[in-house]
Q: 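Here you go, one structure.
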Amino acid sequence: MEWSRPKQQGPTPSPRAGHAGGTVGENWYIVGGGNNKSGVSETLVLNMSTLTWSVVSTVEGRVPLASEGMTLVHSNYGGYDYLISFGGYNGRYNNEVYTLKLSLKSDSQSTLKEETLSDTTSRVIEPEAEIYQDGKIREISVDNADSDLNNRNDEASEQLLADLKAQKEELEATLSREQLQTVQLKEDIARAETRNAELTKELQAVRGQLASEQSRCFKLEVDVAELRQKLQSMDALEKEVELLRRQRAASEQAAMDAKQRQSSGGMWGWLAGSPTPAV
């Protein structure tokens with residue numbers, strides 16, 4: 001129960017982190033990972049009996065197999081061993097599935113078939129490698145995908161193109177409707193602007209009339225104030241005239257009374273022999 005650092009043979013893997021690993025028999029496979037610069041593109045295998053490293057395959061570009069944080073599991077189906085990887089992050093999160101099919105053959109030739117699994121198409125990586133007694137993988141070659149996969153890919157592509165055409169037609173129809181609505185809205189806006197200009201002119205005319213009426217009302221108020229002053233003056237004059245009338249009436253009455261007294265005094269004086277006063 002002690003850790004030790006044994007000697008290794010073959011191409012030593014470069015430093016990396018976030019890679020995935022899985023064992024198949026006495027072989028340990030390492031896929032992906034990052035090295036502070038980019039994703040690691042090599043898929044490596046370590047024969048644990050001989051501690052010898054070998055390169056299984058190398059991918060190009062920023063594909064999910066050169067990602068960090070992917071999942072790698074081993075499965076056996078139909079007598080064949082498979083390594084299955086999913087996900088990973090290489091600047092974006094991935095949802096592709098890759099498979100690596102392993103099988104032993106008598107000759108030194110092997111094939112590698114790689115196909116990405118997605119919603120409409122699938123890709124399978126199928127390396128068939130010879131493993132000699134020393135545990136080294138001698139040679140790996142690449143084959144094209146079989147005709148069934150190509151047919152499925154063609155059908156999926158045709159279906160995808162049909163869907164895209166249908167979506168394009170729907171988008172064009174929607175765009176036409178939106179353009180018609182835009183033209184209608186522009187016409188409505190133009191009519192509204194014309195109506196607004198007319199209403200603005202009417203409002204200005206009404207404001208002018210209102211200003212004229214306000215000026216006229218002010219003049220009428222001034223005239224009413226002057227008339228009230230004149231009425232007050234006329235009331236005072238009427239009172240003065242009435243007072244003068246009363247004074248005149250009183251004077252006339254006093255004169256009449258004096259005349260009557262004079263007339264009465266002269267008659268009695270004549271009877272008494274007193275001289276009649278000169279008038």
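Numbering of residues begins at 1 and proceeds along the displayed sequence. Since the structure is predicted, the reported quantities are computational estimates derived from the model, not experimental observations.
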Q: Got Leu83 and Leu72 here, is their nearest side-chain heavy-atom distance under 4.5 Å?
A: yes
Q: Rounded to the nearest 0.5 Å, what's the gap from CG on Leu227 to CE on Met234? Could you check?
A: 10.5 Å
Q: When you group the ILVMFWY residues by side-chain heavy-atom contacts below 4.5 Å and let the links chain together, are Val31 and Tyr98 in the same group?
A: yes
Q: Using a 6.0 Å cut-off, check whether atom CD of Glu170 has over 12 heavy atoms from anything other than its own residue.
A: no
Q: Once rounded to the nearest 0.5 Å, what's the spacing between atom OG of Ser38 and atom CD of Glu68?
A: 9.5 Å
Q: With a 3.5 Å distance limit and no angle check, can you tell me whether Ser215 reaches the backbone of Ala211 through a side-chain donor-acceptor pair?
A: no
Q: Within the distance-only criterion (no hydrogens, no angle test), does the side chain of Asp163 pair as donor or acceptor with the backbone N or O of Ala166 below 3.5 angstrom?
A: no
Q: So Leu161 and Glu158, side-chain contact (heavy atoms from CB on, under 4.5 Å) or not? Walk me through it.
A: CA-CA 5 Å; Leu161 287 175; Glu158 291 177 358; 5.5 Å; no
Q: Would you name the heavy atoms of Ala66 and Ser41 that are closest together and state the gap between them?
A: CB-CA, 4.1 Å
Q: Is there side-chain contact between Trp28 and Val45, with at least one heavy-atom pair below 4.5 Å?
A: no
Q: Compare all side-chain heavy atoms of Leu65 with those of Glu42 and state whether any distance is below 4.5 angstrom.
A: no
Q: Check for a donor-acceptor pair, side chain of Arg92 on one end and backbone N or O of Asn90 on the other, with a separation under 3.5 Å.
A: no
Q: Let's go through Arg177 and Thr174 carefully: what are the C-alpha distance in whole Å and the side-chain angles of both, what is the deciding distance for side chain to side chain donor-acceptor pair (under 3.5 Å) to 0.1 Å, and is it a yes or a no?
A: CA-CA 5 Å; Arg177 290 194 297 269; Thr174 303; 3.1 Å; yes
Q: How many angstroms lie between atom CD of Gln184 and atom CG of Asp188, to the nearest 0.5 angstrom?
A: 4.5 Å
Q: Report the C-alpha distance between Gln9 and Leu46 in whole Å, list the side-chain angles of each, state the deciding distance to 0.1 Å, and finish with yes or no for side-chain contact (heavy atoms from CB on, under 4.5 Å).
A: CA-CA 9 Å; Gln9 301 179 20; Leu46 174 66; over 6 Å; no
Q: Can you find a pair of side-chain heavy atoms, one from Met48 and one from Asn27, that are under 4.5 Å apart?
A: no
Q: Nearest 0.5 angstrom please: Thr99 OG1 to Tyr77 OH, how far?
A: 13.0 Å
Q: Before accepting this row, confirm whether a basic side-chain N of the pair Arg195/Glu198 lies closer than 4.0 Å to the acidic partner's carboxylate O.
A: yes
Q: Within a strict 4.5 Å, meaning less than it, do heavy atoms of the Tyr29 and Leu102 side chains meet?
A: yes
Q: Any side-chain heavy-atom pair from Tyr89 and Ser67 closer than 4.5 angstrom?
A: no
Q: Output the distance between atom OG (Ser212) and atom CZ (Arg207), rounded to the nearest 0.5 Å.
A: 14.5 Å
Q: Only one of Val56, Val55, Val59 clears side-chain contact (heavy atoms from CB on, under 4.5 Å) with Thr43; which?
A: Val56
Q: Pairing donors with acceptors under 3.5 angstrom, does anything connect the side chains of Ser251 and Arg248?
A: no
Q: In sequence, state the C-alpha distance, the side-chain angles, and the governing distance for Leu185 and Glu187, and then conclude on side-chain contact (heavy atoms from CB on, under 4.5 Å).
A: CA-CA 5 Å; Leu185 288 174; Glu187 293 177 355; over 6 Å; no
Q: Quick check: do Asn35 and Pro15 have side-chain heavy atoms less than 4.5 Å from each other?
A: no
Q: Do any N or O atoms from the side chain of Asn47 and from the backbone of Ser49 form a donor-acceptor pair under 3.5 angstrom?
A: yes
Q: Check whether any side-chain heavy atom of Phe86 sits under 4.5 Å from a side-chain heavy atom of Met70, and report yes or no.
A: no
Q: Quick check on Arg228: does its CZ atom have over 12 non-hydrogen neighbours (other residues, nucleotides or ligands) under 6.0 Å away?
A: no
Q: Could you give me the CA-CA distance, side-chain angles and deciding distance for Glu226 and Asp223, then say whether side-chain contact (heavy atoms from CB on, under 4.5 Å) is met?
A: CA-CA 5 Å; Glu226 292 177 355; Asp223 294 339; 4.1 Å; yes
Q: How far does CG of Asp257 sit from CD of Glu252, to the nearest 0.5 angstrom?
A: 12.0 Å
Q: Would Lys101 count as a cation-pi partner of Tyr80, with NZ or CZ less than 6.0 Å from the six-membered ring centre and within 45° of the ring normal?
A: yes
Q: In plain terms, say whether Glu169 and Lys165 are close enough for a salt bridge, that is, a side-chain N and a carboxylate O under 4.0 Å apart.
A: no
